[in-house]
Amino acid sequence: MPELPEVETLRRALERELIGRRLQSLDIYEPRLLQNASEEELQRALVGQTLQSVGRRAKFLLFDFGPHTAVLHLRMTGWPTLTPVQTPRFVFRFDQKKTLYFSDPRRLATLHLVPTAHAHTLPPLNGLGIEPFQPTYTLKNFLALLQTDQEIKRLLLDQRKIAGIGNIYACEALFASRIHPQRPAKSLSRAEARRLFAQIEKILARAIAEQGTTVKTYRRLAGESGNFQNFLAVYDRAGEPCVRCQTPIERLTQGGRGTYFCPTCQHRV
DNA sequence: AGTATAACCTGTCTGC
DNA sequence: TGCAGACAGGTTATAC
């Protein structure tokens, strides 16, 4: 469900609500979310600690509790909220009556416990690629990634190469750059690559400003929808006229994911 | 090397 | 109304 803009929107709200709060208890109701630590290990590491910050790396949320950090990935339907939910997968109770509930109907979310000092050198954060808005996101680094025959859309979704982009924003960035999603990455001209490099950050920034895209299940911390769905040009719009040229938007499948594009604006050559 | 498919899960929507 | 099938914002293992 959530990509970089949605996770960033949640991060900002979580930080605003929970920073400086001391964790009083934590209960796990869905142990399958735990990847590398038991409920007891999490409790031992985190209960009694004060939340220092809520960070983000790509689509991961980082709850920094001082010595240890809890790393959460929302996958498709994960949703942290301060409003009680029907079937919470876990609950973090803080002082001053602040409680964090985590909903996840599909149970695909993941939670890791890592020592804060080494968080970025350990799973699941190690191995992530360059990230928009970080110092690693340079045109030079981006161009280096493109030296492969892999389809450009698939490359944009490969978190080991470039981290944070998901299906919606990959489709939107390619449309804005007028690049066909099945083009081999290394077939892009310098001008096309530069357009794509710039459009990725432009679209992600706009999506953050609009507090994310709600197509189905994504909700902000307090339950409101995002706004960026009102600005989508191609995603989930198969059959509708292209906003640039009126040609019907088409859908194809790449790596089992739906790809939406305009066959007129996004040339195969 | 690169792609397709299935798997992990559940909920929702579409078409017959 | 009922039911099968498709599909979903993510990631990963396995097979061609």
Side-chain angles (χ1 to χ4, degrees), chain A residues 1-11 29-36 56-61 71-80 85-89 102-112 123-129 131 145-175 180-187 200 203-204 207-208 210-220 225-239 250-260:
Chain A
M1 154 176 83
E3 309 180 29
L4 188 155
E6 289 73 37
V7 178
E8 177 62 18
T9 299
L10 288 164
R11 185 200 69 76
Y29 302 105
E30 183 47 76
R32 88 183 324 275
L33 302 195
L34 306 185
Q35 303 299 304
N36 70 343
R56 179 185 58 75
R57 170 76 168 108
K59 303 173 192 174
F60 291 90
L61 283 169
V71 182
L72 178 66
H73 197 301
L74 310 178
R75 294 289 189 106
M76 295 295 270
T77 55
W79 180 44
V85 296
Q86 275 207 335
T87 312
R89 302 310 188 189
F102 187 69
S103 166
D104 183 25
R106 289 178 69 176
R107 296 188 289 166
L108 296 172
T110 60
L111 186 63
H112 285 78
L125 301 182
N126 62 342
L128 288 172
E131 178 171 334
L145 288 181
L146 300 186
Q147 302 314 308
T148 165
D149 282 323
Q150 189 177 34
E151 293 173 347
I152 186 61
K153 159 85 173 343
R154 296 180 60 118
L155 185 146
L156 294 181
L157 293 181
D158 187 342
Q159 304 296 301
R160 294 165 306 180
K161 293 176 178 164
I162 177 167
I165 301 172
N167 209 27
I168 293 177
Y169 301 109
C171 293
E172 295 297 315
L174 287 167
F175 172 79
H180 192 287
Q182 289 179 314
R183 292 268 302 280
K186 71 180 178 192
S187 77
I200 286 169
I203 287 170
L204 293 178
I208 293 169
E210 297 292 343
Q211 309 200 73
T213 300
T214 298
V215 174
K216 290 191 173 69
T217 61
Y218 163 71
R219 290 291 181 278
R220 290 156 54 193
S225 295
N227 298 316
F228 195 70
Q229 64 277 9
N230 297 315
F231 302 95
L232 297 176
V234 289
Y235 182 80
D236 203 24
R237 300 194 56 177
E250 291 184 9
R251 179 188 188 277
L252 56 80
T253 299
Q254 290 175 283
R257 320 290 307 282
T259 296
Y260 300 86

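Here is how names work: the chains are called A, B, and so on, in the same order as the sequence lines, proteins then strands, and each is numbered from 1. Fair warning: this is a prediction, and the values are worked out from it, not measured in the lab.
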Q) More 5' along DNA chain B: Gln254(A) or Arg89(A), using each one's nearest nucleotide? A) Gln254(A)
(Q) What is the separation between atom CD on Glu6(A) and atom C1' on dA8(C), rounded to the nearest whole Å? (A) 14 Å
**Q.** Length of the line joining Asp104(A):CG and dG11(B):C1', which is rounded to integer Å
**A.** 12 Å
Q.
What's Arg107(A) touching, base or sugar-phosphate or nothing? Going by heavy atoms closer than 4.0 Å.
A. sugar-phosphate
(Q) Counting the atoms with a prime plus P, OP1 and OP2 as sugar-phosphate, which does Arg219(A) contact under 4.0 Å by heavy atoms, base, sugar-phosphate, or nothing? (A) nothing
Q: Nearest 0.5 Å please: distance from the CE atom of Met76(A) over to the OG1 atom of Thr217(A).
A: 8.0 Å
Q.
Counting runs of three or more consecutive pairs, Watson-Crick or G-U wobble, with each distance below 3.5 Å, where are the stems of DNA chain B?
A. B:2-8 with C:10-16, B:10-16 with C:2-8
Q.
Please check: side-chain N/O of Gln35(A) versus main-chain N/O of Leu33(A), any donor-acceptor pairing under 3.5 Å?
A. yes
Q: Indicate yes or no for a side-chain donor-acceptor contact from Glu172(A) to the backbone of Val234(A) under 3.5 Å, with no hydrogens or angles considered.
A: yes
Q.
If you only use heavy atoms from C-beta on, which nucleotide in dG2(B), dT11(C), dT10(B) is closest to the side chain of Arg75(A)?
A. dT11(C)
Q: Could you tell me the separation between the CD atom of Glu210(A) and the CD1 atom of Ile203(A), rounded to the nearest 0.5 Å?
A: 13.0 Å
(Q) Counting the atoms with a prime plus P, OP1 and OP2 as sugar-phosphate, which does Gly255(A) contact under 4.0 Å by heavy atoms, base, sugar-phosphate, or nothing? (A) base
Q. Hey, does Thr148(A) reach any base, or is it just sugar-phosphate, or nothing, if we go heavy atoms under 4.0 Å?
A. sugar-phosphate
**Q.** Sugar-phosphate only, base, or nothing, as touched by Tyr235(A) at under 4.0 Å among non-hydrogen atoms
**A.** sugar-phosphate
Q. Do Arg257(A) and dA8(C) share a donor-acceptor pair, side chain to base, under 3.5 Å?
A. no
Q) Rounding to a whole Å, what distance do you find between Leu145(A):CG and dG2(B):P? A) 12 Å
Q) Just how far, in rounded Å, is C1' of dA13(C) from CZ of Arg160(A)? A) 12 Å
**Q.** Gap in Å between the two P atoms, one belonging to dA6(C) and one to dA6(B), rounded
**A.** 11 Å
Q. Looking only at heavy atoms, which two atoms of Ala58(A) and Gly164(A) are closest? And how far apart?
A. CB-N, 3.8 Å
Q. OP1, OP2 of dT3(B) versus side-chain N and O of Arg154(A): anything below 4.0 Å?
A. yes
Q.
Does dA8(C) have its OP1 or OP2 closer than 4.0 Å to a side-chain nitrogen or oxygen of Arg251(A)?
A. yes
Q. Has Gln147(A) got more than 12 heavy atoms of other residues, nucleotides or ligands less than 6.0 Å from its CD?
A. yes
Q. Would you call the rings of Phe228(A) and Tyr169(A) parallel, tilted or perpendicular, where under 30° means parallel and over 60° means perpendicular?
A. tilted
Q. Rounded to the Å, how far apart are Leu157(A) CG and dT12(C) C1'?
A. 14 Å
Q: Among the candidates dG11(B), dG10(C), dT3(B), find the nucleotide nearest to the side-chain atoms of Leu108(A).
A: dG10(C)
Q: Please report, rounded to the nearest Å, how far the C1' atom of dT10(B) is from the CE atom of Met76(A).
A: 11 Å
Q: Could you work out the separation of dT1(C) and dT10(B) based on their P atoms and round it to a whole Å?
A: 26 Å
Q. Nearest-Å distance, NE2 (His73(A)) to C1' (dC8(B))?
A. 14 Å
Q: Let me know the distance between CG of Leu4(A) and P of dT11(C), rounded to the nearest Å.
A: 11 Å
(Q) For a quick test of reading the model, state the closest non-hydrogen atom pair linking Ile165(A) to Gln159(A) and the distance between them. (A) O-NE2, 2.9 Å
Q.
Mind checking if Thr77(A) touches a base, just sugar-phosphate, or nothing, with heavy atoms under 4.0 Å?
A. nothing
